[in-house]
Amino acid sequence: MPPIVLLTDFGEAGPYVGAMKGVILGIHPKATLVDLSHEIPPQDVRAAAFVLDAAHAWFPPRSLFVCVVDPGVGTARRIVYVEAGGRRFLAPDNGLLTLVLRERRAVRARAVTNRRLFLPEVSSTFHGRDVFAPVAARLARGLPPASLGPPARLLTTFGFPEPERDGSRIRAKVVWVDSFGNVVLNLRDEPVCEIRARRSRIRRLVSTYGELLEGEAGILRGSSGWLEIAVRNGSAASRFGLAAGDEIDARLAPAAPRKKGGRR
Amino acid sequence: MPPIVLLTDFGEAGPYVGAMKGVILGIHPKATLVDLSHEIPPQDVRAAAFVLDAAHAWFPPRSLFVCVVDPGVGTARRIVYVEAGGRRFLAPDNGLLTLVLRERRAVRARAVTNRRLFLPEVSSTFHGRDVFAPVAARLARGLPPASLGPPARLLTTFGFPEPERDGSRIRAKVVWVDSFGNVVLNLRDEPVCEIRARRSRIRRLVSTYGELLEGEAGILRGSSGWLEIAVRNGSAASRFGLAAGDEIDARLAPAAPRKKGGRR
Amino acid sequence: MPPIVLLTDFGEAGPYVGAMKGVILGIHPKATLVDLSHEIPPQDVRAAAFVLDAAHAWFPPRSLFVCVVDPGVGTARRIVYVEAGGRRFLAPDNGLLTLVLRERRAVRARAVTNRRLFLPEVSSTFHGRDVFAPVAARLARGLPPASLGPPARLLTTFGFPEPERDGSRIRAKVVWVDSFGNVVLNLRDEPVCEIRARRSRIRRLVSTYGELLEGEAGILRGSSGWLEIAVRNGSAASRFGLAAGDEIDARLAPAAPRKKGGRR
């Protein structure tokens with residue numbers, strides 16, 4: 001039985017996550033529940049997209065991700081069910097699935113409209129409990145997706161902040177700061193050789209934190225494939241005063257001369 | 001097997017919650033454990049009562065709530081087991097169950113006194129681990145409640161802060177601030193038409209956050225039935241400088257003329 | 001099936017803990033996962049050692065603790081598997097197991113070197129996901145420890161800060177501040193009769209918090225066996241300005257005259 005994985009901006013102090021779990025367990029007592037995160041900054045759909053992107057592919061096939069970062073709760077926004085990359089997702093159609101859908105064809109997407117699958121009374125402020133939770137529990141118990149509602153076309157995605165190139169320079173954005181203070185950038189395959197942050201120039205390219213000297217800053221490819229600024233046993237975010245959404249300048253390495261020959 | 005649901009003020013950083021779960025799993029390896037919250041402010045029995053109230057009814061029948069917000073640990077205060085509304089509760093008899101017991105007749109309540117159900121050595125500072133956890137595990141495995149101890153009468157409850165009415169005015173209290181900054185008040189069925197908070201007058205009554213303009217403040221009935229002050233995509237608590245325990249003034253709508261007729 | 005217990009400094013907001021759980025559930029779908037803590041201060045191996053020490057013995061025999069506080073990730077540091085006190089541990093060989101190994105002979109210890117047990121691609125920054133998680137899942141499914149790698153000798157331990165005695169005085173260290181603000185010291189069996197903290201002298205020895213007056217400070221033996229400074233319904237850490245790593249002075253009670261006689 002693949003797990004039901006929860007991703008919200010509800011925080012862990014209050015009753016919201018518990019209420020969702022209670023509803024799921026009432027319908028599906030043997031569900032395996034996993035908390036991906038409930039500490040997404042309030043209403044920050046981009047942060048949720050990043051966390052989902054970094055984690056989802058490590059879960060077993062058919063895992064069901066229930067994603068409730070939903071500033072439009074109670075308005076006309078759709079709730080969608082999507083299958084992509086072998087995993088399943090329930091989310092408001094607000095761009096939260098942008099990165100999951102990148103470079104993938106969604107095998108199936110449906111609008112979740114069948115009210116008989118919801119709780120009998122649906123509040124206007126807490127669809128996590130009244131819609132997402134019961135639908136997720138029924139899906140995990142084997143409900144065919146066709147029962148959810150009609151096929152959904154044109155899923156909402158946003159331009160995940162793309163870096164802006166200008167010759168050998170590139171203007172990038174901070175997409176996440178992790179609990180160590182590592183600063184994750186919207187750069188993946190770019191051949192960055194220098195990052196400028198608050199009058200500093202960071203040029204040390206490493207493959208892991210331990211290659212840096214105590215307190216030294218460096219650039220490395222993090223475990224999710226994005227470039228990071230890191231400080232050994234310290235916080236790059238504090239050192240350089242960076243937070244999610246901030247912009248930084250980087251310089252690209254000159255293009256290497258094309259290798260000749262190759263396979264022939 | 002209904003879940004064992006944990007509610008404490010232990011925080012999630014330290015070893016306390018883990019130790020409780022370890023004890024439970026040692027006695028009942030197949031227990032389904034759910035964390036309701038471990039981030040209740042230290043010793044804040046009222047906050048625990050609110051979170052329990054907002055979440056418990058969404059869990060399946062016979063769920064067992066283990067509530068350890070217990071400033072009196074190690075003193076003569078009782079530990080009680082209560083069945084109410086089809087759910088089961090273990091808690092110190094300090095008022096934590098006040099809202100759960102509201103408008104309900106407890107079917108059964110017992111003092112938990114049978115030391116043979118506790119860990120062999122009971123510390124004076126950590127009954128969560130030494131008393132609550134082993135008793136919960138045994139109850140979840142089917143121990144008859146009569147084994148716990150004698151029937152308990154006169155459970156402790158506190159006057160959950162009642163709003164004070166004065167004609168068309170009402171003085172209310174903040175009972176909780178959620179992770180979005182929504183400010184939950186001790187008002188349920190009162191026909192509030194205006195709230196005064198820090199020189200502002202909030203008059204916009206809405207049924208969900210998305211009806212507000214970006215940054216606008218409004219009044220709505222939250223998902224637990226209590227009135228809230230909310231700010232669209234912002235924090236009402238920050239905007240109005242409100243925290244749990246603070247008082248605010250509200251104005252009630254003039255009584256609507258009684259409808260005549262009715263069914264006949 | 002004994003649980004897999006996770007202890008990290010990853011924080012709960014981001015994708016790291018989720019990715020580990022995803023990998024574990026992919027290999028061992030029925031695993032019982034318990035979060036001990038993910039809020040260890042970044043890279044604080046001593047704090048992790050303390051939390052593990054305080055919690056591990058309460059878990060059932062053969063529980064598998066997966067401990068990833070690992071500033072040396074991706075460098076030559078070893079990963080070890082250790083059996084001690086009937087429990088099992090996976091950890092970087094960086095001293096994290098110091099307190100668990102105290103006064104115990106490790107029955108078995110192995111270096112974890114068998115790459116066939118890891119994920120096919122091992123990143124240099126996230127061994128929690130790529131090494132610890134798959135190895136833990138396989139161990140929990142019954143993999144014999146001999147498959148992990150060669151026996152490990154000379155496990156790394158550090159001098160957990162030992163108090164310094166000077167006659168009737170003792171200089172101790174704060175090893176942990178819990179969520180209540182209780183200040184845990186590196187003192188266990190010493191007959192402390194007075195603690196000096198920020199010009200105050202604390203002399204009240206109690207066995208539980210409720211013996212203190214509201215706001216009064218006292219000394220007691222906490223539930224993990226370490227001495228604590230506590231303030232009734234308040235934070236001793238705030239009152240006395242103490243944080244983990246700080247030093248305090250204490251005074252020892254004069255040695256009691258040896259009891260004569262005894263059993264004969």
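Each chain gets a letter, A, B and so on, in the order the sequences are listed, and its residues count up from 1.
By the neighbour-count criterion of 12 heavy atoms within 6.0 Å, atom CZ of A:Arg62 is sparsely surrounded, having that number or fewer from other residues, nucleotides or ligands. A 6.0 Å sphere centred on CZ of A:Arg115 holds no more than 12 heavy atoms belonging to other residues, nucleotides or ligands.
Two residues are said to be in side-chain contact when any heavy atoms from C-beta on lie closer than 4.5 Å; B:Ser223 and A:Arg129 meet this criterion. The side-chain heavy atoms of A:Asp9 and B:Phe180, taken from C-beta on, include a pair separated by under 4.5 Å. No side-chain heavy atom of B:Tyr209 sits less than 4.5 Å from a side-chain heavy atom of A:Thr75.
When all heavy atoms of B:Ser179 and A:Gly11 are compared, the pair lying nearest together is OG-N, 3.7 Å.
Among residue pairs with one or both ends in residues 20-40 of chain A, those qualifying as salt bridge (charged side-chain N to carboxylate O under 4.0 Å, His left out) are A:Lys21-A:Asp35; sequence neighbours excluded.
If you tally non-hydrogen atom pairs under 4.5 Å between each of A:Leu119, A:Leu25, A:Ile27 and chain B, the highest count goes to A:Leu25. Of the listed residues B:Ser207, B:Ala57, B:Ala54, B:Pro2, the one with more heavy-atom pairs under 4.5 angstrom with chain A than any other is B:Ser207. Annotation: maximal heavy-atom pairing with chain B below 4.5 Å, among A:Pro15, A:Pro41, A:Gly14, occurs at A:Pro15.
Between A:Ile24 atom CD1 and B:Trp58 atom CH2 the span is 13.5 Å, to the nearest 0.5 Å. Here OG of A:Ser124 is found 10.5 Å from CZ of B:Arg221. Values are rounded to the nearest 0.5 Å. For the atom pair B:Leu33 CG and A:Leu33 CG, the distance stands at 11.5 Å (nearest 0.5 Å). Rounded to the nearest 0.5 Å, atoms OH (A:Tyr16) and OG (B:Ser37) are 12.0 Å apart.
In this structure, no portion of A:Val17 lies under 4.5 Å from any heavy atom of chain B. Of the atoms belonging to B:Leu220, it is side-chain heavy atoms, and not backbone ones, that fall under 4.5 Å from chain A. In this structure, chain A has a heavy atom under 4.5 Å from the side chain of B:Val34, while its backbone stays farther away.
Not a single donor-acceptor pair under 3.5 Å links the side chain of A:Thr125 to the backbone N or O of B:Thr208.
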